Protein chains: 2
Amino acid sequence: MLTIGTLSRKTGTKVQTIRYYEQIGLMNEAGRTAGGQRRYFEKDLDRLAFIRHSRQLGFSLDSIRELLELSDNPSRSCAEADSIARRQLRQVEQRLKRLQALKKELKRMVAECEGDSVAECKVLEVLRDHSECLTDHDGIGA
Amino acid sequence: MLTIGTLSRKTGTKVQTIRYYEQIGLMNEAGRTAGGQRRYFEKDLDRLAFIRHSRQLGFSLDSIRELLELSDNPSRSCAEADSIARRQLRQVEQRLKRLQALKKELKRMVAECEGDSVAECKVLEVLRDHSECLTDHDGIGA
DNA sequence: GCCTGAACCTCTATTCGCTTTAGCTTATAC
DNA sequence: GTATAAGCTAAAGCGAATAGAGGTTCAGGC
Ligand SMILES: [Zn+2]
Ligand SMILES: [Zn+2]
Ligand SMILES: [Zn+2]
Ligand SMILES: [Zn+2]
């Protein structure tokens, strides 16, 4: 029987996060000691490792929920799992594209500023006026 | 005098978002009509455009707050603005690296799955076992 | 002066994936 | 027996908005 702290150490997950996963139904409800502390089996450790690894690869908790369910039914076709992964890949590729464009713009504005007063700052100039940009950066942020 | 809807259209910002920016003190409190509706000047439009453009380049609202303050003091040195931009660039470059590694892993697992039953699904296999990965993906998600 | 409909208002809740805080209780080792 | 590490719950907070409910104001036409 493993404590929550052991799971935490073995998977690099904060204790609170493990409890959070239980709360949203991603981890099964753990058994408890007489005093109310959670105790886990190896299979819970495996499940948590699966969740964390999937998170590291960028899957959303919702996708992970689906993947876990599939993983629990070994006889089913894996088409669904593959399509989730392909969807994730497409998303990553899209974000990559946006970030690459962003990087270019940022690099350019940083490089072009000669570092005098704010009045002549290239950085601020670009921020004030999108027409100085080479790309469209549609969408926001990330 | 411009209405909030006009600002919204001209900058591609949702009306709610403009009010939100006011609420968090990023936009100045707008003047009001007798009936309580917001009315804006051109300078408010400029400020909002600055904010949105900065957001598109991935700056956080906190960074934007600093940049706006600098922008309001033309006589100051632009070193600070430049350093905010460089910081942003570094962040983008880091995320790019992570995403590129992610993309590789995802691509590989998708490509290697022969699409049979869940029991032999390469996608799920990789998710269960990080040792199948080529990279470390330290950190999570994005 | 009134009607209509678009645009505006406030306030609250929700999203995602956790993290933090506050205030306790339990387990373990000496 | 007691110190201390580790555990517990419940609630709030983060960033950056978005969405909805339910009500008010504005501009134009008649
Ligand atoms: Zn500069
Ligand atoms: Zn631009
Ligand atoms: Zn498969
Ligand atoms: Zn891995």
Side-chain angles (χ1 to χ4, degrees), chain A residues 1-27 29-40 44 48 50-68 88 91 95 98 102 137-142, chain B residues 1-27 29-40 44 48 50-68 88 91 95 98 137 139-142:
Chain A
M1 298 294 266
L2 313 164
T3 67
I4 198 169
T6 308
L7 252 69
S8 167
R9 250 171 291 116
K10 293 208 180 194
T11 62
T13 315
K14 302 214 165 155
V15 166
Q16 285 95 320
T17 305
I18 301 174
R19 290 198 280 247
Y20 168 72
Y21 287 159
E22 178 182 310
Q23 193 188 307
I24 62 169
L26 207 55
M27 290 289 284
E29 286 201 18
R32 304 284 185 131
T33 64
Q37 299 196 357
R38 290 170 180 81
R39 288 298 182 268
Y40 296 93
D44 299 307
L48 181 56
F50 184 103
I51 295 172
R52 293 309 278 181
H53 194 214
S54 304
R55 287 292 296 131
Q56 290 186 315
L57 288 164
F59 289 91
S60 72
L61 295 184
D62 267 0
S63 293
I64 296 173
R65 208 185 290 273
E66 290 186 70
L67 289 166
L68 278 168
Q88 176 64 15
Q91 222 186 76
R95 286 203 285 159
R98 295 219 51 233
L102 244 56
H137 29 261
D138 25 44
I140 234 164
Chain B
M1 300 293 267
L2 312 164
T3 66
I4 198 169
T6 308
L7 253 70
S8 168
R9 250 169 292 116
K10 292 207 180 194
T11 62
T13 314
K14 301 216 166 156
V15 166
Q16 307 286 52
T17 305
I18 301 173
R19 291 198 278 249
Y20 169 70
Y21 286 160
E22 177 182 310
Q23 194 188 305
I24 62 169
L26 207 54
M27 289 291 283
E29 287 201 18
R32 302 284 186 133
T33 63
Q37 299 196 357
R38 290 170 179 82
R39 288 296 181 270
Y40 296 92
D44 299 308
L48 182 55
F50 185 104
I51 295 172
R52 292 310 276 183
H53 195 213
S54 305
R55 285 293 295 129
Q56 290 187 313
L57 288 163
F59 289 91
S60 72
L61 294 184
D62 268 359
S63 293
I64 296 173
R65 210 185 288 274
E66 291 185 70
L67 290 166
L68 278 167
Q88 175 64 16
Q91 225 187 73
R95 285 203 284 159
R98 296 218 51 237
H137 29 261
I140 235 165

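Keep in mind that what you see is a predicted model, and the values were worked out from it rather than measured. In what follows, chains are A, B, ... by sequence order, proteins preceding strands, each numbered from 1.
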5'-most by nearest nucleotide on DNA chain C - A:Tyr20 or B:Gly5: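 Its nearest nucleotide being more 5', the pick is B:Gly5.
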Distance test, side-chain N/O of [X] to OP1/OP2 of [N], below 4.0 Å:
X: B:Lys14; N: D:dA19; result: yes
X: A:Ser60; N: C:dC16; result: no
X: A:Tyr21; N: C:dG17; result: no
X: B:Arg38; N: C:dC9; result: yes
X: A:Thr3; N: D:dG7; result: yes

In the structure I gave you, are the side-chain heavy atoms of [X] and [Y] within less than 4.5 Å of one another anywhere?
X: B:Arg95; Y: B:Arg98; result: no
X: A:Ile64; Y: A:Tyr21; result: no
X: A:Thr33; Y: A:Met1; result: no
X: B:Thr3; Y: B:Arg39; result: yes
X: B:Leu48; Y: B:Thr13; result: yes

NA contact type, [X], heavy-atom cut-off 4.0 Å: base, sugar-phosphate, or nothing?
X: A:Arg9; answer: nothing
X: B:Phe59; answer: nothing
X: B:Ile24; answer: nothing
X: A:Arg19; answer: base
X: A:Arg52; answer: sugar-phosphate

In this structure, how many angstroms lie between the [atom2] atom of [N] and the [atom1] atom of [X], rounded?
X: A:Arg65; N: C:dG17; atom1: CZ; atom2: C1'; value: 12 Å
X: A:Gln91; N: C:dC16; atom1: CD; atom2: P; value: 12 Å
X: B:Met27; N: D:dA16; atom1: CE; atom2: P; value: 17 Å
X: B:Leu61; N: D:dC14; atom1: CG; atom2: P; value: 13 Å
X: A:Leu2; N: D:dG7; atom1: CG; atom2: P; value: 11 Å
X: A:Ile4; N: D:dA5; atom1: CD1; atom2: P; value: 19 Å

Considering all heavy atoms, the nearest A:Ile18-A:Ile4 contact: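 Closest heavy-atom pair between A:Ile18 and A:Ile4: CD1-O, 3.8 Å.
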Taking N or O atoms only and anything under 3.5 Å, show me the protein contacts with nucleotides 26-29 of chain D, one pair per line.
from: D:dC26; atom 1: OP1; to: B:Thr33; atom 2: OG1; distance (Å): 2.9
from: D:dC26; atom 1: OP1; to: B:Gly35; atom 2: N; distance (Å): 3.1

5′-ward residue of the pair B:Arg55/A:Thr6 relative to DNA chain D: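 Nearest nucleotide further toward 5': that of A:Thr6.
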Out of C:dG17, D:dA17, C:dT19, whichever nucleotide has its closest atom nearest the side chain of B:Thr17: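 Closest nucleotide to the B:Thr17 side chain: D:dA17.
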Derivation and outcome, side-chain hydrogen bond (donor to acceptor under 3.5 Å, both in side chains), residues A:Gln16 and A:Arg19: CA-CA 5 Å; A:Gln16 285 95 320; A:Arg19 290 198 280 247; 5.0 Å; no
Check: B:Gln16 side chain, D:dG20 base, donor-acceptor under 3.5 Å: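 Result: at least one qualifying N/O pair found.
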